[in-house]
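Before any comments, here is the structure.
Remember, it's a predicted structure, so these values are computed and weren't measured experimentally. We name chains A, B, ... by the order of the sequence lines, and we start the count at 1 in each one.
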Amino acid sequence: MSAEHKYVPSEIEAKWQKVWQEQKTFKVTEEPDRKKYYLLEMFPYPSGRIHMGHVRNYSIGDVVGRFKKMRGFNVLHPMGWDAFGMPAENAAIKNKSHPAVWTYENIAYMREQLKQMGLSYDWDRELATCDVSYYRWEQKLFVEMFKRGLAYKKKSFVNWCPSCETVLANEQVEDGGCWRCDTEVVQKELEQWFFKITDYAEELLDFTNKLPGWPERVLIMQRNWIGKSIGCEIDFPLEGNGEPIRVFSTRQDTLFGATFMSLAPEHPRALELTTPDRRSEVEAFIEKVKKTDRIMRTADDLEKEGVFTGSYCLNPATGKKMPVYLANFVLVEYGTGAVMAVPTHDQRDFEFAVKYNLPMVVVIQPEGEQLDPATMTAAFTEPGIMANSGQFDGQKSETSKEAIAHWLEKEGKGKKTVNFRLRDWGVSRQRYWGSPIPIIYCDSCGTVPVPDKDLPVVLPKDVKFTGEGGSPLATLESFYKVDCPICGKPARRETDTMDTFVESSWYFLRYCSPDFEGGMLDKEKAGYWMSVDQYIGGIEHAVLHLLYARFFTKVMRDLGYVDVDEPFTNLLTQGMVIKDGAKMSKSKGNVVDPDALIKRYGADTARLFSLFAAPPEKDLDWNEQGVDGCFRFINRVWKLIHEHLETVIKAPVLDVTALTDEERSLRRAVHKTLKKVTEDIDERFHFNTAIAAVMELMNTLQGSRLSTPQGASVMKEALETVVAMLAPFIPHVTEELWQSLGHKTPLSATPWPLFDAEAIIDEELLIVVQVNGKLRSKLSVPAVIDEEAVKKLAVSDDRIKLFTDEKQIRKVIYVPGKLVNIVVA
RNA sequence: GCGGGCAUGGUGGAAUAGGUAGACACAAGAGACUUAAAAUCUCUCGGGGGCAACCCUGUGCCGGUUCGAGUCCGGCUGCCCGCACCA
């Protein structure tokens, strides 16, 4: 082969990227008459440069995008930048620069990297969440949410990361540490803004059963996180005067067995209920619990400890006195922060009762057994038969729950309740590089939202980054000193910014009309594109981003912005990129740099390997030799096509009635492959097997020597099909080869080929013959053959006779077109 | 502890609806071409036996269902992930 026909990725990749950009190949607009397909990959944080996780994520997405486009869909495939966040601020402090400078430089670099990968984005829709043109609408929504009570401020204990010097939402605390920097999270009491996600808890949960296109494990994680439990709120009157203590319990069937009360040490009434003689001991206990760090406190082997407050309450069912304790295992944030303790039927209460010598009464008996508190070694937590429970004795504990709830309500002692583990989403962050919260505090008028005409609240540029004392906004007079929009008196602006997860909760909606000046989105355009048909990203956002985005979509629906209930119809969570048995990371020293990879092999090879080595949802083991193999494969395709170019271009029109057996057989292989590849991409997202099928066909083609004119036509069809099938995976080299094959229209604008149903019909079938389920022979039979004839052939086969001679044939099973199994005694 | 997932050659992985286990690729070995190397091409490649045709065995372990099980069911073991004193 001459030098001019050598495969040089860098040349052809630059060439086609330029063509796609200049011709705006992937720019889309709303076309109501066409089927739309909204494809989205999670947008990146502009950290500096893309990593292999991005390469994989975006390669997977690009296959789907290019394939759907060739299949005739109007494909919306946008890209942008999740551009607010802490690393920008930290870099600014370190470099004595500004977060905006760092962020926009990174975006510029990473945009070029993505372009070098040849991804089929509509770049005209690119957005960066740190642009005022983006976050201004988020502020407008905040005000609308505030007016509806969906955004509110309250003083509460919050998760505080001492290293990031900011608050974290519950979802952002992992194993007691900060999700970003792993620093141990402490509790701090602060005034914070919250979004009322709990208002949507029921709907968010309901819809986990209406998202068949989501991986089950993500739905399970979200269900667990929302944590719905059905039970009762029950009021326990105090022995003396005062408000009763309210508890939440899912085990109201054990109410008659409640012998003491456990409150969380942080319970607001803990000290109020403490008698003077117990005060010093109680205070010491509260101090001790506070000092125990969060990880220790939630460890399951933590010793159950508590302290008696000196007060008593009364069991509303039995009237018996119950001592009120503080207990270290009761969580203030769950339920009411108070638990009725039933030591016989709850393991924690049992351990506690044993330690402090508290009374026990068995109120649920296992069937056919009599438990005695004196001899019990553990709580009995299974369902059983009610005992010592007044009018409920003898009932099944499971079914009595409803009756007891009813009785409590009738008696005015409690009511059926649904409790959620989900807390409201704390969105205040004491940081600079985020969207300002559009609120003004006035001594006379209170908390006032910034009026529409004054929006947006622009993040000021003239700030200094010292790295000390939290957000620079809090000390920037020109920012926080404002006049009250209602009374005009001097007032103070909110200096906290919003959690960056707020931006990513609606960016997929903004992509529908990224330049819309009239509001968050153009409702008509969003109506055409939404919902996202396929969303692709990492599993790490299973509860965080994916729950917030679902919540925002529902809020925006209720505010009239969109008509959909859910943002993402189908979700694909891709696996991690692994090398040498570990996730790629700088600290492990096993990172592969995408720039170096593309420089050495080209983007097509990088894409091909990340798609071929494993199916998308599995972890991908990076292997340099495997990359080599993919590069070799592309070269083989390149070479084979150039070898046949002259004959193929002169080939006559294909006449399927004039083919030799060999030609017909080759054509059958081509169309069978096309069928498989189409199905693997479209229905299963199994790109690895699709690529393997094309490799297999390539092996067949390389062994074929077709010498007739019609043979050249068959080869032409075969080569064109190979190129078209590979287009979604390796778009640059296939465009080039498509052009070499004489096509004027780019492959990216060419429809996906359809397989010829006639061509794939087998003339002969291979029938496997088993004796007692073991493979013993194979038969080649005509495709049209009846069952009896196949069975007869099988039974009389010489090799089969060796195994059936002198034995009695009991049964002959025939699976049409596949197999015969002869059962002998 | 609870919930979920996974387990197939030396390696990554295939087997889509219970029907030929190991497609495709990587690595390894042998050979061709070459002065030589690289590149490329050809062959071998789960384990055991046999000169061979072929036979036995094999999908983490034990059992079951079935004419037939990598696939379904029950029980174990190991690994991974999520939640974790949630009342």
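- What separates CG of Asn821(A) from P of U20(B) is a distance of 11 Å, to the nearest Å.
- Among the atoms of the strands shown, none is found under 4.0 Å from any heavy atom of Asn419(A).
- One can find a donor-acceptor pair under 3.5 Å joining the base of U16(B) and the side-chain atoms of Lys676(A).
- The base-pairing partner of G19(B), taking Watson-Crick or G-U wobble contacts with both distances under 3.5 Å, is C67(B).
- No side-chain N or O of Arg810(A) forms a donor-acceptor pair with one of Asn772(A) less than 3.5 Å apart.
- Residue Phe803(A) is in sugar-phosphate contact alone, with no base atom involved, counting any heavy-atom pair closer than 4.0 Å across all strands shown.
- Atom name P, nucleotides U42(B) and G48(B): the rounded distance is 28 Å, in whole Å.
- Side-chain contact between Leu273(A) and Ile245(A) is present, with at least one heavy-atom pair separated by less than 4.5 Å.
- Residue Asn688(A) has its side chain nearest to G13(B) when only C86(B), G19(B), G13(B) are considered.
- In this structure, CG of Leu775(A) is placed 14 Å from P of A69(B), rounded to the nearest angstrom.
- Side-chain contact of Thr208(A) with Arg223(A): a donor-acceptor pair under 3.5 Å is present, judged by distance alone.
- Checking G58(B) for Watson-Crick or G-U wobble geometry (two distances, each under 3.5 Å) identifies no partner in any strand.
- Counting heavy atoms from C-beta on, the side chains of Thr605(A) and Pro9(A) never come closer than 4.5 Å.
- Between the side chains of Asn419(A) and Ser229(A), not a single donor N or O lies within less than 3.5 Å of an accepting N or O.
- As judged by a 4.0 angstrom heavy-atom cut-off over every strand, Leu620(A) is placed among residues making no nucleic acid contact.
- Of all nucleotides present, none satisfies the Watson-Crick or G-U wobble test against A53(B) with each distance under 3.5 Å.
- The side chain of Val768(A) lies closest to U20(B), out of C24(B), U20(B), C85(B).
- Look at U35(B): it lacks any Watson-Crick or wobble partner with both distances under 3.5 angstrom.
- Using a 3.5 Å distance cut-off with no hydrogens or angles, the side chains of Arg56(A) and Gln574(A) do not pair a donor with an acceptor.
- In the set C41(B), A23(B), C67(B), C67(B) carries the atom at the smallest distance from any side-chain atom of Val823(A).
- Within the nucleic acid shown, Arg223(A) has no heavy atom closer than 4.0 Å to any nucleic acid atom.
- The distance between atom CH2 of Trp622(A) and atom P of A27(B), rounded to the nearest whole Å, is 15 Å.
- Set against C86(B), A15(B), G13(B), the side chain of Lys618(A) has G13(B) as its closest nucleotide.
- Across all strands, Phe633(A) comes closer than 4.0 Å to no nucleic acid atom at all (heavy-atom distances).
- Summarising the geometry, the separation between CD1 on Ile220(A) and P on C83(B) is reported as 13 Å, rounded to the nearest angstrom.
- Of the C1' atoms belonging to G10(B) and C62(B), the separation is 28 Å, rounded to the nearest Å.
- For G9(B), the base is syn relative to its sugar; the glycosidic angle is within 90° of 0.
- Nucleotide A30(B) forms a Watson-Crick or G-U wobble pair with U42(B), both donor-acceptor distances falling under 3.5 Å.
- Comparing C55(B), A87(B), A14(B) by their closest approach to the side chain of Arg776(A) singles out C55(B).
- For the C1' atoms, the distance from U57(B) to G64(B) is 22 Å, rounded to whole Å.
- Rounded to whole Å, the separation between the P atoms of A69(B) and G60(B) comes to 15 Å.
- In this structure, G3(B) forms a base pair with C81(B), meeting either the Watson-Crick or the G-U wobble geometry with both donor-acceptor distances under 3.5 Å.
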